[in-house]
Amino acid sequence: MADSPKPREPSSSDVPGAQALVRGLDVLMAIGAAPAPLRFGELQDAVKIPKGSLHRLLAALQSRGLVRFEEHGRRYALGSRVFDLARRTMDQSSLIRAAKPELSRLARHLRRACCLYVLEGEEVFVLDFEDPDAAQTRVVRVWPRLPAHGSSPGFAIAANSPADADKEAPNSGAISQARALGYAISQDNCTAVAAAILDSGGYPVGAICCHVDSQNEGAELLHEAGRLVREAAARASGNVSIADHVTEVAAQPKTTDPAVTVLDTGRDFMGENPVWCQETNKVWWLDVLAPALRSRNLVSGETRHVILDDLTGGLALTQSGKLLLAGRQGIHLFDVDSETSTLLFDPEKHKPENRFNSASVDSAGNLWVGTMRVDGQSGSGSLYKIGPDLSVQTMLGDVTLPKNADWSMTGDEVYLSQGGDARLDAYSFTKDGTLGDPRLIVQGNADIGRPNGIAVDDEGCIWVAMMGGWSVNRYAPDGELLRKIALPVPMPTALSFGGPNLDKLFVTSTYLRMPAGYSSLSPQAGNLIVIDTGVTGRSMLKFGI
């Protein structure tokens with residue numbers, strides 16, 4: 001029996017009125033692709049449309065703000081509506097948000113332009129990019145489309161695609177090499193190195209590419225760049241995987257609580273783990289995905305931004321005066337003055353897919369740190385208690401997205417939230433010092449958000465950053481809601497009491513993990529927030545090293 005004919009792709013002639021639409025789009029694309037605004041005659045030569053029809057199409061495009069007519073010079077250029085739509089598209093792209101911190105870090109480290117490519121048909125094109133020099137970010141660069149089977153981003157995407165005909169594909173050797181290395185190298189038109197970004201199902205959704213722009217680079221340098229690009233793409237894949245499990249966002253509050261002030265600290269990709277240092281009048285916190293150590297001096301207003309080598313999610317004060325940083329490559333002591341880091345040890349060196357996600361200190365000077373998978377998947381995180389002598393005790397296993405621990409007034413219960421199940425629980429201590437079964441305090445949902453970072457005040461009540469809930473909530477130890485403070489950001493991440501009188505609550509937030517479209521609803525997301533609570537918190541404890 002003969003095979004059934006494949007369905008024919010519809011053409012513009014199949015739909016009444018579509019021909020005029022296609023012609024209008026051709027006009028718009030011709031104007032957009034031109035190196036400079038076009039005169040009417042130049043545009044007519046480009047699109048081959050009769051004069052009268054072209055005038056009508058231009059009038060229609062102008063009426064929608066897609067094309068503007070420059071009186072001076074009498075030329076046609078793209079209208080403001082095109083740029084507005086482009087900005088909204090960027091805001092709605094979870095892939096751009098997932099790759100942005102990696103592009104920024106990679107460009108700065110390699111000192112070369114790094115691009116995010118996506119596949120369209122037989123070509124790849126740039127969706128976003130970062131230049132190594134901050135001054136270059138003011139320059140509009142146009143990146144040409146590249147053939148998918150003749151470029152490193154195309155090879156990287158093909159190497160991770162479920163294709164059955166690699167051997168028959170053009171440059172199949174380059175694709176096989178990319179599959180073996182985890183990154184692709186091309187040296188035809190320009191030298192570039194690329195690695196694929198994968199979604200939670202392992203399907204390639206884009207590629208991070210570093211343009212070397214020279215064919216004289218040695219193999220050693222290219223492969224070193226390839227390793228860094230591969231690691232950056234893997235972290236971006238983790239961000240995509242987390243974005244695939246987007247937190248539901250509650251309705252935006254009509255007004256922000258008057259006790260709330262947004263500080264001009266600049267947007268963090270993912271702010272986390274604020275701690276207050278009484279001696280220096282500074283609040284310290286982390287931008288996990290930049291990665292960076294941040295600080296704000298409440299007296300001078302100075303904001304500091306120190307670039308870190310790798311993903312860092314846990315921060316604590318120490319008796320030595322140094323800061324403790326817990327990141328993807330273990331637990332470090334950080335000297336603030338010299339900006340140097342010293343590795344203490346890594347209790348999860350055997351789990352390279354994990355990173356630390358939180359840190360806090362109990363009254364005995366023990367450090368409590370939680371770990372999670374880089375891609376946010378469940379099953380491999382743990383909660384550790386580390387003594388001043390660096391002894392390690394596993395308090396909980398198989399945790400998902402654990403946040404900072406805090407303790408009841410009597411010290412007989414530890415409070416902990418886990419993003420994986422949207423719960424805030426209390427765990428009592430058993431006689432042998434381990435944790436008993438959890439007691440539910442707050443169960444998150446789409447209406448109130450999900451419990452995230454916590455802080456206990458001097459009355460024993462628990463302040464909770466409600467991820468997706470546009471609020472910080474105060475709960476009694478039995479789970480009774482005592483107060484809800486509306487925020488101008490939907491996804492607060494962590495919080496800490498501070499200020500000279502310990503009556504201010506510092507709240508970090510994220511804009512990277514917001515669902516598509518929320519950046520325009522919450523332009524202040526990612527900035528540090530301070531709340532005048534009217535109650536006092538407990539002093540920040542220090543690790544006993």
Side-chain angles (χ1 to χ4, degrees), residues 247-263 271-276 283 285 298 358 360 403-411 413-419 422-426 438-510 521-522 524-525 527-540:
T247 300
E248 294 181 277
V249 176
Q252 183 176 9
K254 294 181 179 179
T255 58
T256 298
D257 194 292
V260 171
T261 301
V262 181
L263 301 179
E272 276 287 3
N273 213 151
V275 297
W276 168 253
V283 56
W285 74 99
L298 291 195
S358 64
S360 50
K403 300 299 294 187
N404 65 298
D406 211 335
W407 291 265
S408 63
M409 293 293 288
T410 56
E413 283 190 318
V414 59
Y415 303 134
L416 182 73
S417 70
Q418 293 189 52
R423 291 168 56 107
L424 171 62
D425 290 306
R439 171 179 66 84
L440 178 65
I441 300 176
V442 180
Q443 176 64 63
N445 57 51
D447 294 325
I448 66 171
R450 303 161 69 91
N452 219 47
I454 60 174
V456 177
D457 63 32
D458 64 0
E459 297 176 4
C461 296
I462 311 162
W463 295 75
V464 187
M466 301 301 292
M467 177 78 84
W470 298 86
S471 72
V472 165
N473 294 352
R474 187 188 189 219
Y475 292 96
D478 63 0
E480 178 188 359
L481 177 62
L482 303 176
R483 185 177 177 187
K484 180 175 182 177
I485 297 180
L487 303 178
V489 301
M491 303 185 81
T493 53
L495 36 77
S496 173
F497 279 97
N501 300 316
L502 295 178
D503 58 351
K504 297 184 183 299
L505 195 65
F506 296 102
V507 184
T508 54
S509 62
T510 177
L521 291 177
S522 178
Q524 295 174 310
N527 285 270
L528 186 67
I529 293 170
V530 61
I531 301 173
D532 291 317
T533 61
V535 299
T536 56
R538 300 187 291 189
S539 297
M540 186 63 59

Stepwise, does the side chain to side chain contact (heavy atoms under 4.5 Å, CB included) test hold for D457 with R474? CA-CA 9 Å; D457 63 32; R474 187 188 189 219; 2.9 Å; yes

Can Y415 and V464 be said to form a side chain to side chain contact (heavy atoms under 4.5 Å, CB included), step by step? CA-CA 11 Å; Y415 303 134; V464 187; over 6 Å; no

Walk me through whether I531 and V260 qualify under side chain to side chain contact (heavy atoms under 4.5 Å, CB included). CA-CA 5 Å; I531 301 173; V260 171; 4.0 Å; yes

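Taking the side chain as every heavy atom from C-beta outward, I454 and N404 approach each other to under 4.5 Å. Side-chain atoms of R423 and L440, non-hydrogen and from C-beta on, do get closer than 4.5 Å to each other. You'll find the side chain of P492 stays beyond 4.5 Å of the side chain of I529, heavy atoms only. Residues K484 and M466 form no side-chain contact, since every pair of their non-hydrogen atoms from C-beta on lies 4.5 Å or further apart. Counting heavy atoms from C-beta on, the side chains of F497 and D458 never come closer than 4.5 Å.
Taking every heavy atom of both residues into account, P274 and M540 meet most closely at O-CE, 4.4 Å. What you find for L424 and S417 is that their closest heavy atoms are CD1-N, 3.9 Å. Across all non-hydrogen atoms, the minimal contact from I441 to A476 is CG2-O, 4.2 Å. When all heavy atoms are compared, the tightest approach of L482 to C461 is CD1-SG, 3.5 Å. Contact between R538 and V456 at its shortest, heavy atoms only, is NH2-CB, 3.3 Å. Between V442 and P451 the shortest heavy-atom distance is CG1-CG, 3.9 Å.
A donor-acceptor pair is defined here as one N or O able to donate and one able to accept, closer than 3.5 Å; such a pair exists between the side chain of T508 and the backbone of A494. In this structure, the side chain of S360 engages the main chain of A405 through a donor-acceptor pair within 3.5 Å. Although no hydrogens or angles enter the test, the distance criterion places no donor-acceptor pair under 3.5 Å between the side chain of D425 and the main chain of P438. With hydrogens and angles disregarded, no donor-acceptor distance shorter than 3.5 Å links the side chain of S358 to the backbone of N273. A donor-acceptor contact shorter than 3.5 Å is absent between the side chain of S509 and the backbone of M491. R450 places no side-chain N or O within donor-acceptor distance of the main-chain N or O of M467, the cut-off being under 3.5 Å. Using a distance-only test at 3.5 Å, with no hydrogens or angles considered, a donor-acceptor pair links the side chain of W470 to the main chain of A250. Judged purely by atom type and a 3.5 angstrom limit, T493 has no side-chain atom pairing as donor or acceptor with the backbone of T510. A donor-acceptor pair under 3.5 Å is absent between the side-chain atoms of S471 and the main chain of N473, judged by distance alone.
Atom CZ of residue R483 and atom OG1 of residue T533 lie 7.0 Å apart, to the nearest 0.5 angstrom. Interatomic distance, CD of Q252 versus CG of L487, reported as 11.0 Å (0.5 Å rounding). Note: L416 CG to W407 CH2 = 9.5 Å, rounded to the nearest 0.5 Å. Rounding to the nearest 0.5 Å places CD1 of I448 at 8.0 Å from CD of Q443.
A search for salt bridge (charged side-chain N to carboxylate O under 4.0 Å, His left out) contacts involving K504 returns D532, not counting sequence neighbours.
Under the 30°/60° scheme for interplanar angles, the aromatic rings of F506 and W276 are found to lie parallel.
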